[in-house]
Amino acid sequence: MDASAPQPRAADLLAWYDRHRRVLPWRALPGERADPYRVWVSEIMLQQTTIAAVKPYFERFMARFPTVEALAAAPSESVMQAWAGLGYYSRARNLHACAKAVADQHGGRFPDTEEGLRALPGIGAYTSGAVAAIAFDRPAVAVDGNVERVITRLFAIEDEMPSAKPLIRERVLALLAHDRPGDFAQALMDLGATICTPRSPACGLCPWREPCRARIEGTQESFPRKAVKKTGKTRYGAAFVAMREDGAVLVRTRPAKGLLGGMVEVPGSDWRSDYELADALRDQPVAARWRRLMLPVRHVFTHFPLELTVFAGRVPLEMQAPEGMRFTPFNRLKEEAFPNVFLKALEAGLEELQRP
DNA sequence: TAATCGTGGAG
DNA sequence: TCTCCAAGATT
C-alpha cells in the first residue's frame with residue numbers, strides 16, 4: 001500500500017461541483033428546490049440514453065404532460081407517441097403506470113424515501129436512490145455507469161461488472177456527504193460524465209486525482225473491468241407499406257409486451273435468422289402488386305442486427321383493413337408511435353411509391 | 001445470473 | 001466499418 005496517497009473526501013468533490021456543475025433542464029439551480037416530477041421523468045429518460053438525445057424529448061414531454069396528474073390522465077397512445085424514437089419502450093409503459101400509481105395511491109405526490117420509490121413501476125436500484133437524493137435530499141446512493149467508472153478507478157476495483165456492484169455501493173455509501181446528499185449524487189455523475197470519461201479521462205482536472213489508485217498505477221482506462229459481450233445473429237424479415245389511393249397507409253399496433261411493445265408498425269413478417277425472402281408473399285397483410293425494394297432497411301438493436309426487406313404497393317380505396325389493422329391518413333402518420341426502425345421502412349416504402 | 005430491451009454518437 | 005456505451009429495469 002502507498003501510505004502517501006490521501007483518502008478521497010466528499011468535500012473535494014463538492015468544491016469541484018460548486019464550480020463546474022452542469023446546467024440541465026431538469027436540474028434545479030443552486031439554492032432552488034428540485035421538482036420531483038421533473039427529476040423522475042428525466043431519470044427514466046436518461047436510463048441508457050445520452051443527455052443530448054433526452055433534452056428535446058424532455059422539453060416536449062413537459063409541455064405535453066406538465067404534471068404527474070396530467071400524465072396519469074393521458075391515454076397510453078399519447079404517452080407512447082411522445083416517447084417514440086427514444087427507445088426502450090417498456091420505460092414509457094412503466095412511466096405511465098407509475099404516474100397512475102402516484103396520482104391514485106399517493107395523492108399525486110411521489111414517495112420521498114428510497115424504499116417507497118423503489119416499489120413503483122420502472123424504478124429500480126439506481127433511480128430510487130437518484131430521485132430520493134436529488135429531489136428529496138435523502139442520504140441515498142445512486143450508482144449509474146458514471147459512478148461505477150469513478151469508483152472502480154478510485155479504488156482500482158478489479159472485480160468484473162456486474163459482480164462489483166455491491167462493493168461499489170459500499171464505497172459510495174462510505175464517501176457520502178451527509179450534509180449535501182443530492183449535490184453529492186449529482187457531483188459524482190458530473191465527474192464521471194465530464195472528467196472521469198471512459199476514454200482519455202482528464203485526470204489532471206480531477207478533484208480526486210491524488211487519492212485515485214488507478215491514476216497512480218496508470219491503469220485508468222482499464223476500469224471498470226467487464227467481459228466483452230457478443231452480438232446476436234442477424235435476423236431478417238419483410239415489411240409491407242400499403243398505401244390506399246387517398247394516401248392512407250396500413251398500420252397496426254404491436255402487442256403490449258416484448259420488443260417494441262405497444263408501438264405502431266407497418267405490417268410485416270416475423271424476424272428470424274432463417275427467414276426466406278422467397279416466401280415473403282405468405283406474410284403480405286393484403287393482396288397487392290408489391291414492388292420489392294432492392295436495398296433492405298438495416299437496423300441494429302441491442303442484441304441483434306436486423307435486415308428488413310420492404311415491399312411497397314398501392315391498394316384500392318375500397319380496400320378494408322384486415323382484423324387488427326387500420327389505415328392511417330397520410331397527414332396523420334406523424335402522430336403515430338412509430339419506432340425508428342419502422343420510420344425507416346415507411347420512408348423507404350413511400351419513396352418507392354413516388355417513383356413512376 | 002443472464003437475457004431482453006433502442007437508438008445515436010464518439011472515437 | 002466497428003466497437004463501445006449512455007443517469008438501468010425487468011424477468
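We name chains A, B, ... by the order of the sequence lines, and we start the count at 1 in each one.
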If only side-chain N and O atoms of [X] are considered, is one of them under 4.0 Å from the OP1 or OP2 phosphate oxygen of [N]?
X: A/H299; N: B/dG6; value: no
X: A/H303; N: B/dA3; value: no
X: A/N340; N: B/dG6; value: no
X: A/T127; N: C/dA9; value: yes

* Asked: Are A/K226 and A/E160 close enough for a salt bridge, meaning some N to O gap below 4.0 Å?
  -> no

* To do: State plainly whether the residues A/E245 and A/R314 are in salt-bridge range, i.e. N to O under 4.0 Å.
  => no

* Mark yes or no for a side-chain to base donor-acceptor pair under 3.5 Å between A/S200 and B/dG11, with no hydrogen or angle criteria applied. =>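 Answer is no: no donor-acceptor pair is held.
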
Check every strand shown and say whether [X] touches a base, only sugar-phosphate, or nothing at a heavy-atom separation below 4.0 Å.
X: A/P339; result: sugar-phosphate
X: A/A52; result: nothing
X: A/S90; result: nothing
X: A/V147; result: nothing
X: A/W40; result: nothing
X: A/L306; result: nothing
X: A/G85; result: sugar-phosphate
X: A/L260; result: sugar-phosphate

* Quick one: pull up CZ in A/F223 and CD in A/E158 and give me the separation to the nearest 0.5 Å. => 4.0 Å

Given atom [atom1] of [X] and atom [atom2] of [N], what is their separation to the nearest angstrom?
X: A/R91; N: C/dA9; atom1: CZ; atom2: C1'; value: 10 Å
X: A/K226; N: B/dA2; atom1: NZ; atom2: P; value: 15 Å
X: A/I51; N: B/dA10; atom1: CD1; atom2: C1'; value: 15 Å
X: A/K55; N: B/dG8; atom1: NZ; atom2: P; value: 18 Å
X: A/W83; N: B/dG8; atom1: CH2; atom2: P; value: 15 Å
X: A/Y89; N: B/dG6; atom1: OH; atom2: C1'; value: 6 Å
X: A/F301; N: B/dT4; atom1: CZ; atom2: P; value: 13 Å
X: A/Y126; N: C/dA6; atom1: OH; atom2: P; value: 13 Å

Please tell me which of the listed nucleotides, [options], lies nearest to the side chain of [X]?
X: A/Q47; options: B/dT7, C/dA7, C/dA9; result: C/dA9
X: A/R149; options: C/dA7, B/dC5, B/dG11; result: C/dA7
X: A/T302; options: B/dC5, C/dC4, C/dA9; result: B/dC5
X: A/P198; options: C/dA9, C/dC5, C/dA7; result: C/dC5

* Would a line drawn from the ring center of A/F61 to the ring center of A/F58 be shorter than 6.0 Å? ->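 No, ring centres 6.0 Å or more apart.
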
* To do: Could you check A/K230 against A/Y88 and say which one's nearest nucleotide on DNA chain B is further toward the 5' end?
  =>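 It is A/K230 whose nearest nucleotide is closer to the 5' end.
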
[N] to [M] separation - [atom1] atoms, rounded to the nearest Å:
N: C/dA6; M: B/dC5; atom1: P; answer: 22 Å
N: C/dA9; M: B/dG8; atom1: P; answer: 23 Å
N: C/dA7; M: B/dT4; atom1: P; answer: 24 Å

* Are A/T127 and A/L117 close enough that some pair of their side-chain heavy atoms sits under 4.5 Å apart? -> no

* To do: Go through the side-chain N and O atoms of A/Q186 and A/R27 and say whether any donor and acceptor fall under 3.5 Å apart.
  =>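 The criterion, which ignores hydrogens and geometry beyond distance, is satisfied for A/R27 and A/Q186.
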
* If you pin A/P121 and A/L24 to their nearest nucleotides in DNA chain C, which one's is more 5'? -> A/L24

* Asked: Around atom CD of A/E32, are there more than 12 heavy atoms of other residues, nucleotides or ligands at under 6.0 Å?
  ->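 Yes.
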
